[in-house]
Amino acid sequence: MKTSSKSLFFLIQALSKEEKRYVLRTAIHYRKGGKNILMQLFKAMEHMPLENYDEKKLGQKIPNLSVRKNELYETILTSLANRETENQAIVMLGKLRWAGMLHYRKLFPEALSVLSEVEDWAREQNQLYIEGVILQYKAFFANTGLYKNHNINFSGIGDSMVRNAQKILHITEIYRQYVEVAKITRISFLLRSAEEVQRVNDLLQSPVYEKDLSDLPVSSRCFMHLSRYYLYKLKGEYEQAFSAAENCWKLMQDGTVNFSKRRPQEYLIGFVAYLAACLDSKRLDECKKWLPEMRKLWLNNYHGHAVVGGKYYSLWLACHYLDAKKHYIVAVTDEVMQFHAKHEAILEEGGEGRGLKYLLMLSYFQQKDLINAWDYCRMILNSSATASRRELYDCTRLVFLFILFESGKFDELEYQCRQLTGFIRKKNGKEYLLERILLKHLTGIHGKANLRKERRTMMINLSKDLQSLSIGENHCAKQLLHCFDFINYAREKAKISPAMR
């Protein structure tokens, strides 16, 4: 197996303190008669920032670096597998091997006793996959004809296998649906074309959501709710999205399965989705309630993992941005900025970088710190337009127009308007309707920039057009207006009273 440097680095960084101690103590122990090369490599990778990773420099200290990387990677994984004695599912799968060995030695009652123990546990824990494996063992045992003298009834095995297969098929459909949704959301939450909207509608109307879930494992039900959450979020239906995310979070919190320990990755996905849904639906108090727990989870379970830290800081800054209004705490923005600067390379690799830069841009813009807002805006616009979170790139391009407006850079504003006009000229009008409305009001503003009355009139007309657009069925406009509140910005600039709205 060829191991990339980044794979090894991310594996080491993902280990908790206890896991690192366990791996170093049990698997990468000092060898007699010389230095432990794997220990040296582990320590070097543990304390080396990814952005400063130097393969050649490391190779000077570690002979046969490529071989050692493979050895260390496999050693860590083997050590972690041996440590998983608390994972009851792994223990039970091991006991099934005992049943097979006992059966091979014709110790039939003993083999059946082990099989029954595992079967009772699997039914109690609703472990369908393990139940399926047990049924295969039973079928094999029955087919050998060796239980004739033990008065064991295997007549129901076939029916049980069919029922179990149907449940597993349902679970497979749920995960397949989740993967399809993940492919869309990994790129963007922006639905530009009618074809994209139709695809999401088709997924949302899938029969997988209509089947009974009561006899399925909690994990499968969680992922079913998560896929519905993402689909509703894609359509800009944030109340329905929150309801789906809340259902997932409640399942994770009901005590049936200790997700934070037994299924940590699923727990993290559900946690982040629930907090994001709270923000999307403006349930800030609920988000503030759980954010300290998210920070604790990051520091205790994912210490040193920059991507998880990036998720936390994105949620924290977004909550503060939505709640701050005129009482902005500059220290919050500064802490997030320092975290981003320290881990920028890793965050870009994990896809969290664009989200943090976008939130920092909005935060500085809200604070009237136009220099920093400009800097983060340029960082996003200088990156790939087709990278993940494409909707943030498209929204940044529009917010940039208002940063130029606020900065008084009207020549640059006119140039950017012409550039954007040229880009969308050949596009479908409905797909870029928000951009067309903004350009209609901002193009040619240079000559009117110093006329307060005309500028106010422009903002009044802009807010009216945007308000009309927001109540329509344009999914793309809904998402962009959600990413930045262009309507409220225009109203505040025009100082429109509630009566005028």
Inset, instruction - Answer yes or no on whether Arg389 is positioned over the face of Tyr358, meaning its NZ or CZ is under 6.0 Å from the six-membered ring centre and within 45° of the axis. - result: no
Legend entry - Side chain Glu391, main chain Phe189, donor-acceptor under 3.5 Å: yes
Inset, instruction - Would you kindly say whether Gln253 and Tyr274 are connected by a side-chain donor-acceptor distance under 3.5 Å? - result: no
Legend entry - Check: Arg192 and Tyr432 side chains under 4.5 Å, non-hydrogen atoms: yes
Inset, instruction - Decide if atom NZ of Lys282 counts as having more than 12 heavy atoms of other residues, nucleotides or ligands within a radius under 6.0 Å. - result: yes
Inset, instruction - Could you tell me whether the side chain of Phe402 reaches within less than 4.5 Å of the side chain of Leu442, counting heavy atoms only? - result: yes
Legend entry - Under 3.5 Å side-chain donor-acceptor pair for Arg491 and Gln467: yes
Inset, instruction - May I ask you to check whether over 12 heavy atoms, not counting those of Lys409, lie within 6.0 Å of atom NZ? - result: no
Legend entry - From Arg221 atom CZ to Lys250 atom NZ, the distance as rounded to the nearest 0.5 Å: 14.0 Å
Inset, instruction - Return the minimal non-hydrogen interatomic distance between Lys20 and Ile12, and the atom names on each side. - result: CE-O, 3.4 Å
Legend entry - Aromatic centroids of Trp374 and Phe365 separated by under 6.0 Å: no
Legend entry - Trace of the side chain to side chain donor-acceptor pair (under 3.5 Å) decision for His441 with Asn461: CA-CA 8 Å; His441 292 283; Asn461 292 332; 5.3 Å; no
Legend entry - Parallel, tilted or perpendicular, as decided by the 30° and 60° cut-offs, for the rings of Trp316 and Tyr313: tilted
Inset, instruction - Kindly indicate whether the side chain of Met252, heavy atoms from C-beta on, has any atom under 4.5 Å from the side chain of Cys222. - result: yes
Inset, instruction - Please say whether more than 12 non-hydrogen atoms of neighbouring residues, nucleotides or ligands are located less than 6.0 Å from CD1 in Ile371. - result: no
